[in-house]
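Written below as structure tokens is the structure these notes are about.
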Amino acid sequence: MHRYPTAMTSPFAVLIPVSVLASGALFLGEGLAPLQVGGALLVFAGLVENVYGQRLRAWIRRAR
């Protein structure tokens, strides 16, 4: 925890419910509702934006 700032590590805490859903589906054979899948995709999209947002925006600006 001393290596990385809290702002860099705390967004990954939102992956805990997503990993629990995925584990239940993979190991226990539970089904996922479409709303759960959509929520997991939104969590991943938000995490990608949080971690790579500046790089992606810079890359898009260079591509234009």
Side-chain angles (χ1 to χ4, degrees):
M1 293 303 292
H2 293 287
R3 258 188 210 174
Y4 302 105
T6 305
M8 184 70 150
T9 59
S10 62
F12 291 96
V14 298
L15 287 179
I16 294 170
V18 175
S19 64
V20 170
L21 282 173
S23 297
L26 288 173
F27 299 123
L28 301 176
E30 295 180 359
L32 293 177
L35 195 57
Q36 289 173 322
V37 174
L41 291 175
L42 281 175
V43 167
F44 278 120
L47 188 60
V48 167
E49 166 63 29
N50 191 14
V51 175
Y52 297 111
Q54 287 182 332
R55 292 181 202 163
L56 287 173
R57 283 188 290 278
W59 181 74
I60 290 170
R61 274 189 233 119
R62 280 190 307 244
R64 288 183 184 180

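Under a cut-off of 6.0 angstrom, the local environment of CG in L35 is sparse, with at most 12 non-hydrogen atoms contributed by other residues, nucleotides or ligands.
Judged as a side-chain hydrogen bond (donor to acceptor under 3.5 Å, both in side chains), and not counting sequence neighbours, Q36 has no contacts.
Annotation: the span from N50 atom CG to S10 atom OG amounts to 7.5 Å, rounded to 0.5 Å. The structure places CD1 of I16 at 12.5 Å from CG of L21, a figure rounded to the nearest 0.5 Å.
Smallest separation of non-hydrogen atoms from P17 and A13: CD-O, 4.0 Å.
Screening R62, R55, R57 for a side chain to side chain contact (heavy atoms under 4.5 Å, CB included) with W59, the sole residue that qualifies is R62.
Cluster partners of V43, by chain and number: F12, V14, L15, V18, F44, L47, V48, V51, Y52, L56. The rule joins Ile, Leu, Val, Met, Phe, Trp and Tyr whenever side-chain heavy atoms lie under 4.5 Å apart.
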